[in-house]
Amino acid sequence: MSTEIVVVPHTHWDREWYEPFQRFRLRLVALLDEVLDTMEREPDYHFTLDGQLACVDDYLEVRPENRDRIAALVKAGRLAVGPWQILLDEFLCSGENIIRNLELGMDRADKLGGAMPVGYLPDMFGHTAQMPQILRKAGLLHACVYRGVPSSVTTDAFAWTAPDGTAIRTQYLPAGGYGNGAHLFHDSEGLKERAAAFVRTMREWHGPEGSLLAMYGTDHSAPVRGLPEMVAAIGARMDTLSGYIGAYSGDVDGLPRVHGELRSHARANILPGVISVRAHVKQAMGRAERMVERYAEPLAALWGEEWPGRFLDMAWWRLVDASGHDSVTGCGVDDTAQQVAARIAEAEHLGQAVRDMVTARLAEAAPSDAVVIVNPTPQTRSGVVILDVEGTDPIAGPTGEALPTQPIEYAPTLLLDQEMDPAVALSFVHGTELYGQHITDWKVDGDTLAFTVARETSVVFDVDDLRAAIDGVTRVRIEAEQRRTVAALVTAPPLGHTTVRPAPRDEVYDPDAPQPLPSEHHPSCWLRSDDAPLPVRGDAQVLDNGLVRVTIAEDGLLDIVGDNGTRITGAGRIVDGGDVGDTYNYAPPRADLVVSQPVSVETEMILSGPIVAAVDVRRTYRWPAAAEAIEGIPEVPALNRRAEMEEIVVTMRVELRAGEPFVRLRVEFDNRCDDHRVRFHVPLPTPASESHAEGQFAVVTRPLTSEGGCGETPLPTFPASSWVAAGGVAALLEHVTEYEVNDDELALTLLRSVGYLSRNRNTLRPEPAGPQLPTPAAQSRGLRTVNLALMPYLGSWEKVVPHAEAFRHDLLVVPGLGDRSLPMPQPAPGLSVTGDGVVMTSLRDRDGWLELRVVAMTPSPTEAVISTVQEARHTDLRGRPGAPLQVTDGTVRLPLSSWEIATIQFRKL
């Protein structure tokens, strides 16, 4: 077979990066105007539009009249669009976000003539382990990648294998990535020589037979006029990426295999510092994704009335848009980061609105002095909730049974008592609202106008009725009903709800214990049964709930012992060191000053049990204010840190709850320093040779080192989505967090403060990753709060999975909204999904069916058991129906292979 070069003209379009979105869009419109004109003028011209529909959508919002022109080129096979909606960062969004991204892109591309049938992943900073399974279950047979490929890959095609065993033919882009042919046609002089050199280079990767792929394009590039003639001059042909890859069947037999995630530095920079920069954006992304995925959609599907599809679609558009590999990563300019943060906030607000609409409907069926508890997880769940209730009566469940409770705080009852012109007091009244509550009564007693207020009122109040009664009044008094905040231990049905309320003592019963109910002097109660959790006991030094015992040392560090004997000694060390890197890569000063010892330590007892015990540990540090800039050239990395110090107080709330085998921690400080990295260190109970971290539909086992080779220093820092475990300790997380494990310690990055998008000179990266532009907001000054938990475990990390689910998905507390005369609603389950290692990742309405997605988070085959089902069927990741599923007595038993992602559609009984 003769040598043939297949030239694929394309652009790699960063939707937002060193300029914000709308500035880049102006350039995109000009580029696509030229692409359409060129393709219509030159019928041999082909173009690949970067694998993301966002380019088309952003263009058509400005040029809607050109939709038919684009569709005609797509249908003719000359313009390749999709399959993604946006070119994402795979590690900084949830697995569900990845699927919705692909779903959106493919559905929208179908309306234009069809998506490119290639999982094109040209510039992501590494690739997640389950991507082959995701692509295959969406109907794609090919992937195409650049960064993260290990040194073991020596050919331009390999079989990329997911943890479940799914293998997909993957085109590797060696020798320049998505721009490996960008140099070929910059002028006609020396064209044949450059082509010959290209062939020699690519033959080393491809072998002696077959066509060679030349990706002709780069960032934000436009097509070259007359390109078809130059392509013909070297005996090459022009095509789309799908045209080249589509010549292969997708068969992986005989190809070298690569298993799991691609995060090697051997062939290209993977820029791992993006995991930890602008940490507040990652935190917001995790919070918004959970709100939409695990609260708004499932609750609306099970308990809503009309499906609020448009609201949820808008939320998903914003989450997908924010997942871009220059967006949620935080490696853009400050204007870009600000826009991304706003987009994420809007997604969360949309999710909150849907959640609250549904839970308000449930609350309307409960009396107004009650509280509805909603369980967002698909298993029966016992957990601690914080309630705001009136009076001092015990808290009872829906059948009148007493619940274990603990008083937390009593609200003030006297809100105002002072000399005042009553006309001024009347000006405070808005309808029935006064001082944030509602007027239930008023009277004039001598010279005093007295109001009684409460959270709700049935009084019809007219302020004019008062005006004639306030002559001689010189004093105003406002009293509120007695209210308190209590912690209660509540059991709620799967994806369902239950109700609790204060009840008179003579109406509350204890079905298990003969002891009397609590008195006014001891308003807590603790009812025990064989499977009930033990009470929590605590003081300023020791907290214990029977599952975990925490001792707080004089230096503020924690000794944690699990009920299995696993011991963590000295957890919670805060380490501050310099960082003169950029948004892409951490880099320490040459002469770093590392601060790990506080100058003072204080502890304060907050709660002592029996439901919750908590202690605040306040450690004061002196951290260098910034790196020492080189005089006259501040953009050059500093050699050391300034002598000037800032006094920083780090407050760590240490909290134990009844029934939880982990200790909750909240770390908070006001960052007033620049150019530094703050990490939270946890010694391992036993030395470790590897770590286990939950990511996108998988648990990835990683060594303690990272493969290098391209020049970028291969730091062993990795992302963890909801937890990371090593050596007998697991850190439960609320958002994607950078971690590092050596043989005896786990370090979590709490904050990384830097001042440049990219530094031309970064000591841990040989070349720039982008333009050297200042990013003062990436110093992340201000309040930083991180919630996490530490769980000692023995044996397999599989024990961690259900507890991480509970930690990330709190029970919802919703005040009742109905008439007080309403009866207490009985507990109502929504949907039960059980099975060893089975985790629900999505539940929504799709065309009148409920669509459920689960993943087997286990290295062993398992079974998902799904209850209250009338009929069910398989479906793929795009929602296309498959074979029916057997339903027996309202239950589906769904066999799952290890690490399998499964989607079904069903109707409820």
Side-chain angles (χ1 to χ4, degrees), residues 89-99 126-131 133-134 162-164 259-263 272 275-276 282-283 285-287 289-290 293-294 323 328 376-379 661-662 682 684 688 690-703 716-741 746-749 786-793 795-809 835-842 853-860 862 896 898-902:
D89 183 280
E90 299 171 35
F91 293 96
L92 287 172
C93 64
S94 68
E96 194 61 34
N97 198 331
I98 295 174
I99 289 176
H127 305 283
T128 57
Q130 288 280 38
M131 186 58 75
Q133 186 182 176
I134 292 171
D164 76 316
H259 293 268
E261 70 177 5
L262 306 179
R263 282 194 66 85
I275 299 297
S276 51
K282 282 70 171 176
Q283 196 169 34
M285 186 70 158
R287 190 171 57 240
E289 286 176 328
R290 285 197 304 279
E293 294 171 15
R294 298 298 300 272
S323 72
V328 69
T377 52
Q379 298 88 31
F662 50 82
V682 183
L684 304 182
E690 59 189 16
S691 66
H692 313 280
E694 189 274 341
Q696 292 67 23
F697 302 121
V699 176
V700 181
T701 298
R702 299 176 173 125
T717 53
F718 300 102
S721 290
S722 68
W723 57 267
V724 56
V729 61
L732 314 184
L733 309 167
E734 286 193 332
H735 61 279
V736 178
T737 300
E738 176 188 270
Y739 77 90
E740 180 177 353
V741 173
L746 164 68
L748 303 171
T749 303
V786 180
N787 293 298
L788 66 144
L790 296 180
M791 175 181 166
Y793 70 93
S796 172
W797 53 258
E798 292 182 74
K799 300 179 178 71
V800 177
V801 174
H803 298 296
E805 275 284 290
F807 175 73
R808 286 168 62 88
H809 303 103
D836 291 341
V838 175
V839 175
M840 183 188 85
T841 68
S842 173
R853 188 153 28 251
V854 296
V855 59
M857 285 287 205
T858 170
S860 305
T862 186
L896 298 172
S898 59
W899 309 113
E900 181 179 356
I901 304 164

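The chain is numbered in sequence order, starting from 1. Model, not experiment: these values are computed from the prediction.
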Handout entry: side-chain contact (heavy atoms from CB on, under 4.5 Å) between V736 and I275, intermediate numbers included
Key = CA-CA 8 Å; V736 178; I275 299 297; 4.3 Å; yes
Practice task
Indicate whether the side chain of S691 and that of Y739 have a donor and an acceptor atom separated by less than 3.5 Å.
Solution key: yes
Handout entry: Closest non-hydrogen atom pair, H803 against K799
Key = CD2-O, 3.2 Å
Exercise for the section: Hey, could you give me the OG/CG distance between S842 and N97, rounded to the nearest 0.5 Å? Expected result: 11.5 Å
Problem - R287 bridged to E734 by N-O distance under 4.0 Å - result: no
Fill in the blank from the handout: When every non-hydrogen atom of P703 is compared with those of F718, the smallest separation belongs to O-CE1, 3.9 Å
Exercise for the section: Starting at CD1 of I134, measure out to CD of E90 and round the result to the nearest 0.5 Å. Expected result: 8.0 Å
Practice task
Decide yes or no for L790 and F662: does some side-chain heavy atom of the first lie under 4.5 Å from some side-chain heavy atom of the second?
Solution key: no
Problem - Neighbour count above 12 (heavy atom, 6.0 Å) for D836 CG - result: no
Exercise for the section: Report yes or no: do T701 and E690 form a side-chain donor-acceptor pair below 3.5 Å? Expected result: no
Practice task
Measure the shortest side-chain to side-chain distance between L732 and V724 over non-hydrogen atoms and say whether it is less than 4.5 angstrom.
Solution key: no
Exercise for the section: May I ask you to test the L896-V838 pair for a side-chain heavy-atom distance under 4.5 Å? Expected result: yes
Fill in the blank from the handout: Distance col, row F91:CZ vs Q696:CD, nearest 0.5 angstrom, shows 6.5 Å
Completion exercise
Output for pair (F697 CZ, W899 CH2), nearest 0.5 Å, gives 13.0 Å
Practice task
Nearest 0.5 Å please: distance from the CZ atom of R263 over to the OG1 atom of T128.
Solution key: 10.5 Å
Practice task
Report the residues that fulfil side-chain contact (heavy atoms from CB on, under 4.5 Å) with V700, sequence neighbours left out, ordered by chain and then residue number.
Solution key: A129, E261, R702
Completion exercise
Residues at least two apart in sequence or cross-chain that pass side-chain contact (heavy atoms from CB on, under 4.5 Å) with T737, listed by chain then number, are L733, H735, L748
Practice task
Could you tell me which non-hydrogen atom of W723 sits nearest to which non-hydrogen atom of A804, and how far apart they are?
Solution key: CD1-CB, 3.5 Å
Exercise for the section: Heavy atoms only: give me the nearest T717-P272 pair and the separation to one decimal. Expected result: OG1-CB, 4.2 Å
Fill in the blank from the handout: Nearest heavy-atom approach of Q130 to A162 is OE1-CB, 3.6 Å
Practice task
List the steps and the verdict of side-chain contact (heavy atoms from CB on, under 4.5 Å) for C93 and I98.
Solution key: CA-CA 7 Å; C93 64; I98 295 174; 3.8 Å; yes
Fill in the blank from the handout: Note: L746 and A731 closest approach over all heavy atoms is CD2-CB, 4.1 Å
Practice task
Quick one: pull up CD1 in I901 and CD1 in I99 and give me the separation to the nearest 0.5 Å.
Solution key: 5.5 Å
Practice task
Decide whether S94 and E293 meet the rule of one side-chain donor and one side-chain acceptor closer than 3.5 Å.
Solution key: yes
Practice task
Answer yes or no: is there an ion pair linking E805 with R294, defined by an N-O contact shorter than 4.0 Å?
Solution key: yes
Handout entry: Listed partners of R808 passing side-chain contact (heavy atoms from CB on, under 4.5 Å), at least two apart
Key = R290, S722
Handout entry: E798/T858 under side-chain contact (heavy atoms from CB on, under 4.5 Å): CA gap, chis, key distance, verdict
Key = CA-CA 7 Å; E798 292 182 74; T858 170; 3.0 Å; yes
Handout entry: Distance-only side-chain donor-acceptor flag, T377 / H809, under 3.5 Å
Key = no
Practice task
Would you please name every residue forming a ring pair (Phe, Tyr, Trp, His ring centres under 6.0 Å) with H127, sequence neighbours left out?
Solution key: W160
Handout entry: Partners meeting side-chain contact (heavy atoms from CB on, under 4.5 Å) with P792 (sequence neighbours left out)
Key = I560, T566, I568
Completion exercise
Residues passing the side chain to side chain donor-acceptor pair (under 3.5 Å) test with E738, sequence neighbours excluded, are S276, T749
